[in-house]
Amino acid sequence: MPELPEVENTVRDLKPLLVGRRVLDVRILWPRLVHGKSPEAFAVELTGRQIVNTDRRGKYLLFPLDNGCTWVVHLRMTGQLHVVPAQAEVERYVHAVLDLDNGQQLRYRDARKFGRFYLVDEPESVIGKLGPEPLSESFTPLELFNRLQGRRTAIKTLLLDQRVVAGLGNIYADEALFRAGIDPRRPAGTLTQADCNRLHTAIRQTLATAIREGGSSLGGSALTNYRRPTGVQGSFQRRHQVYHLAGHPCPVCGAPIERIKLGQRSTHFCPRCQLYEPLGAESS
DNA sequence: ACCACAACCTGGCCGC
DNA sequence: TGCGGCCAGGTTGTGG
């Protein structure tokens, strides 16, 4: 579920609710949620700590603590964080509960149990291999171009590789490639500098707009559907131009949107606007 | 480097 | 209503 825009909104929403709060108690209800140490050690070490900030790197949430350690969360497909009054009934699929020092609880809910908690001295031990932040100044068109050099893998597949650029998932990879007019199947190394300029702009505009719209909320059920910690849904799904729109007319040219598999992931694109003619592939 | 595939989990939806 | 099959926004590990 959550890609960079959804995680960014989660971090922003949690900031006023968590910064300065002290953790009075930790209950891990699904032991395999915690990685890198035992759930018991995790709970003991987090208990009594004050949360000094909320931050994001790629799709990871970072919660620096007053002892220099960092609580790191990845929501994977269906994870959600909510802050609610301690007396509120505990919902189904809640796998961790943190008692805060103001009578509120921070609850982690995850129907598919794919999410992960870490408690580490250095966040780099978890996020160290991530590529550049796509909205930061260090992410330039040239940087993108350089990272694609010599790669024969389809550009869509590489955009999903968090070591190339951090934060894109299936929705925003498809949407950015459409906005850049680039065929998702194209070998990444064949993108020209001009292509990378357009793709760089498309990635940034797509993500920035999605953040402003509160992310994308897909699917009917509240379990799989992204919600802000406040319970609010995002609205960027209304701006999707290709994602989950197979068979619909392309918003630019009217050709039917196609759906294919790339790297085991469903991929949506306009066969006309994102046409690519490989050199030497012309046939009669 | 690259690819396919399984695994981690559960729920929703579709067709029969 | 039930059941099988396929789908799902992410990542990691294995084997070729």
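Note that the structure is a prediction, hence the values are computed from the model and not measured. Each chain gets a letter, A, B and so on, in the order the sequences are listed, and its residues count up from 1.
- Within the structure, every side-chain polar atom (N or O) of A/H74 is placed at least 4.0 Å from both OP1 and OP2 of C/dG10.
- Rounded to a whole Å, the CG atom of A/L218 is 15 Å from the C1' atom of B/dC13.
- Contacts of A/K129 with the nucleic acid, taken as non-hydrogen atoms under 4.0 Å apart, are absent.
- Across B/dC9 and C/dC3, the matching P atoms stand 24 Å from one another, rounded to whole Å.
- If you measure from atom CG of A/L4 to atom C1' of C/dT11, you get 16 Å, rounded to the nearest angstrom.
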Show the distances under 3.5 angstrom between N or O atoms of the protein and N or O atoms of nucleotides 5-8 of chain B.
residue : atom : partner : partner atom : Å
B/dC8   : O3'  : A/R32   : NH2          : 3.2

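- Between C/dG9, B/dC3, C/dT11, one nucleotide has an atom nearer to the side chain of A/Q162 than all others, and that is C/dT11.
- At whole-Å resolution of the value, CZ in A/R265 and P in B/dA4 are 14 Å apart.
- One can place CG of A/D161 at 16 Å from C1' of B/dA4, the figure rounded to the nearest angstrom.
- The side chain of A/S266 contributes an N or O atom lying less than 4.0 Å from OP1 or OP2 of C/dG9.
- What separates CG of A/N9 from P of C/dG9 is a distance of 20 Å, to the nearest Å.
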As a check on the pairing definition, encode DNA chain B in dot-bracket form, counting Watson-Crick and G-U wobble pairs whose two distances are under 3.5 Å, and using | for partners outside this strand. .|||||||.|||||||
